[in-house]
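Everything on this sheet refers to the single structure shown next.
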Amino acid sequence: MREQTCDVVIIGGGTGGCAAAMAAAKMGKTVVMTEETDWIGGQFTSQAVPPDEHSWIEQFGCTSSYRNFRQSLRAYYKRNFQLRTEAAANERFNPGNAIVSKLCVEPRAALAVFQDMLAPYAFSGRLAIMNRCVPVKAETDGDKVVSVTVRNTQTGDCTVLRAPYFLDATECGDLLPLAGVEYVTGAESQRQTGEPNALPGDPEPLDMQSFTYCFALDYKQGEDFTIDKPRDYTFWRQYKADFWPGHHLSWSAPKHSPVEGYSLFKRPNYFSLWEYRRVIDKELFEPGAFDSDVTLVNWPQNDYWLGPIIDVGEEERQRHLEAAKQLSFSLLYWLQTEAPRPDGGAGYPGLRLRKDVVGTEDGMAMAPYIRESRRIQAEFTVLEQHLSPAVRDKAEPFADSVGIGSYRMDLHPTSGGRAGFYNSCHPFQIPMGSMIPVRVRNLLPACKNIGVTHLTNGCYRLHPVEWNIGESAGYLAAFCLHKGFEPAQVRNDDAKLAEFQAYLSLNGIELSWPIIQAL
């Protein structure tokens with residue numbers, strides 16, 4: 001078993017992990033970042049989820065490095081693809097011309113840009129990236145983490161990583177239980193948080209948001225790419241949740257939806273799922289560049305909520321992961337064979353599973369899209385009443401802000417059999433107190449595992465916010481190493497906090513929102 005020592009160890013190479021690595025390495029610190037899959041980038045890449053962003057993202061409301069990432073994505077397409085003249089001239093070019101975001105790109109393009117942004121630090125030896133590695137053990141001494149052991153999932157080889165600071169950027173908060181960090185999961189009760197929309201009875205730690213195996217499709221009308229009938233197709237074809245208006249595999253939309261239902265392609269009064277998360281609109285490219293659009297399938301019909309994969313036995317975890325894949329394969333088969341068409345027919349056999357887009361043999365994303373993680377018990381927890389327009393005129397101002405974000409309080413159906421929750425939120429800040437564990441002194445959360453609740457996680461979990469959390473965590477670790485402080489000392493001393501916030505501002509972190517039109 002070999003050992004490696006550095007300044008900052010980051011467990012998890014997703015969106016937050018990459019942002020943290022860039023920040024710490026930029027400040028001259030040596031960094032080791034591990035990643036469970038073959039691709040760094042998380043939501044953007046291995047999970048195949050185009051960015052969910054707020055409406056002001058082109059002007060403000062994210063870090064400068066996130067904005068640079070977005071512009072680099074556009075430049076990647078303009079540099080490497082044959083675009084129509086108008087598309088090439090568009091400063092806000094959106095390759096997918098999608099509904100969900102002003103910038104929807106293929107996972108492979110996002111991966112290329114992540115690698116480019118990290119290259120200066122990797123080439124200099126300041127950053128080491130260990131793919132296909134998962135944490136299996138942590139050594140602690142009192143209130144500090146001393147080392148984390150990771151195992152290569154292909155070779156079985158283990159490496160002991162030692163550092164003064166450790167960041168948990170895993171999708172499920174996997175380092176927290178290993179290191180004995182106090183954390184919570186699932187849905188809190190009103191008695192615990194006072195949140196108007198929390199559970200009225202007891203908390204339910206295993207009531208977590210659904211997760212999804214995403215996949216990519218193109219469409220070649222007149223051809224037949226129908227897959228073999230999935231093993232669990234009969235189950236999913238018949239499955240109907242009590243809270244959903246129709247069968248899971250159907251065009252039924254939620255009762256609160258403003259449209260009559262879902263459709264595959266554009267249709268009046270229906271929501272086009274094809275355009276929803278489309279990452280290639282072939283009409284933006286020169287003829288022949290693409291023979292079809294490409295879309296990513298992260299739709300209501302492949303949300304899996306029949307059980308959680310956090311804090312359950314390994315056998316149960318694997319069972320739910322496989323069942324979620326079977327649901328996604330079943331959705332594809334239903335689309336190809338039985339989905340009602342507006343012309344009265346059924347099925348779109350020309351839908352083709354694009355395995356190359358997600359980089360896997362089976363065509364499913366390398367990792368499931370995880371919406372809810374373990375969350376640290378923090379010095380400060382963000383609650384619904386800090387953000388909700390039903391409670392206040394604007395979001396609670398946080399003097400210890402380390403960034404900003406904006407998104408709806410969007411909870412998908414849960415493993416507890418609940419329909420989910422959807423509510424607007426004021427543009428908000430990220431308080432440093434939500435990133436400080438109540439006890440452990442040298443571990444920081446670097447993605448959606450901060451001090452939020454089941455409800456407020458719904459607006460703090462999206463791409464630009466996760467990036468900001470990770471980037472601020474990387475800067476905080478570097479700042480503490482440089483100054484000889486600990487994170488809690490920085491937060492709880494006015495002078496130290498002001499110095500750190502100036503440090504963040506200097507490095508392109510927006511700490512407060514400009515005056516904008518109220519929601």
Q221, CD atom: more than 12 neighbouring heavy atoms under 6.0 Å: no
Neighbour count >12 (heavy atoms, 6.0 Å) for atom NZ, K240: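 Counting other residues, nucleotides and ligands, NZ of K240 exceeds 12 neighbours.
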Audit row: R371, D410, salt bridge (charged side-chain N to carboxylate O under 4.0 Å, His left out) steps and yes/no: CA-CA 10 Å; R371 296 181 176 88; D410 181 13; over 6 Å; no
For [X], enumerate each residue passing the side-chain hydrogen bond (donor to acceptor under 3.5 Å, both in side chains) test, keeping only those at least two apart in sequence or located in another chain.
| X | result |
| --- | --- |
| D343 | R341 |
| E195 | T193, T453 |
| Q301 | none |
| E188 | R375 |

Residue pairs fulfilling side chain to side chain donor-acceptor pair (under 3.5 Å) with at least one residue in residues 327-337, sequence neighbours excluded: N302-S328
How many angstroms lie between atom [atom1] of [X] and atom [atom2] of [Y], to the nearest 0.5 angstrom?
| X | Y | atom1 | atom2 | result |
| --- | --- | --- | --- | --- |
| Y77 | E106 | OH | CD | 4.5 Å |
| I40 | T45 | CD1 | OG1 | 7.5 Å |
| L327 | L332 | CG | CG | 11.5 Å |
| D293 | I280 | CG | CD1 | 8.5 Å |

Within residues 42-55 or reaching into it, pairs that qualify as salt bridge (Lys or Arg N to Asp or Glu O under 4.0 Å) - sequence neighbours excluded: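 Every salt bridge (Lys or Arg N to Asp or Glu O under 4.0 Å) pair that includes a residue of residues 42-55, provided the two are not neighbours, is D52-R277, E53-R70.
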Using only heavy-atom distances, determine whether the side chains of [X] and [Y] contain a donor-acceptor pair under 3.5 Å.
| X | Y | result |
| --- | --- | --- |
| D207 | T414 | yes |
| Q318 | E314 | yes |
| D303 | T212 | yes |

Cationic N near anionic O, under 4.0 Å, R237 to E338: yes
Salt bridge D362-K355, side-chain N to carboxylate O under 4.0 Å: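 So D362 does not pair with K355 through a salt bridge.
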Please check if the side chain of [X] supplies one atom and the backbone of [Y] the other of a donor-acceptor pair under 3.5 Å.
| X | Y | value |
| --- | --- | --- |
| Q190 | A198 | yes |
| D168 | L175 | yes |
| N423 | S388 | no |
| S292 | Y219 | yes |
| E510 | G61 | yes |
| Q429 | S401 | no |
| T456 | V382 | yes |
| S415 | W305 | no |
| D281 | A98 | no |
| S46 | A367 | no |

Sole residue of F211, Y239, Y369 in ring-ring contact (aromatic ring centres under 6.0 Å, His included) with Y304: F211
Partner of F265 by ring-ring contact (aromatic ring centres under 6.0 Å, His included), out of W251, Y348, Y270: Y348
Do the ring planes of [X] and [Y] sit parallel (below 30°), tilted (30 to 60°) or perpendicular (above 60°)?
| X | Y | answer |
| --- | --- | --- |
| Y262 | F271 | perpendicular |
| W467 | F69 | tilted |
| F290 | F81 | parallel |
| H54 | W56 | tilted |

Taking C-beta and beyond as the side chain, do [X] and [Y] meet within less than 4.5 Å on heavy atoms?
| X | Y | answer |
| --- | --- | --- |
| C104 | R278 | no |
| V49 | L296 | no |
| L199 | R418 | yes |
| V358 | M366 | no |
| C133 | N152 | yes |

K325 charged N/C atom sitting above Y213 aromatic ring, 6.0 Å / 45°: yes
Test: R74 cationic atom under 6.0 Å from F93 six-membered ring centre, within 45° of axis: no
Full working for ring pair (Phe, Tyr, Trp, His ring centres under 6.0 Å) between H463 and F44: CA-CA 8 Å; H463 302 63; F44 284 101; 4.7 Å; yes
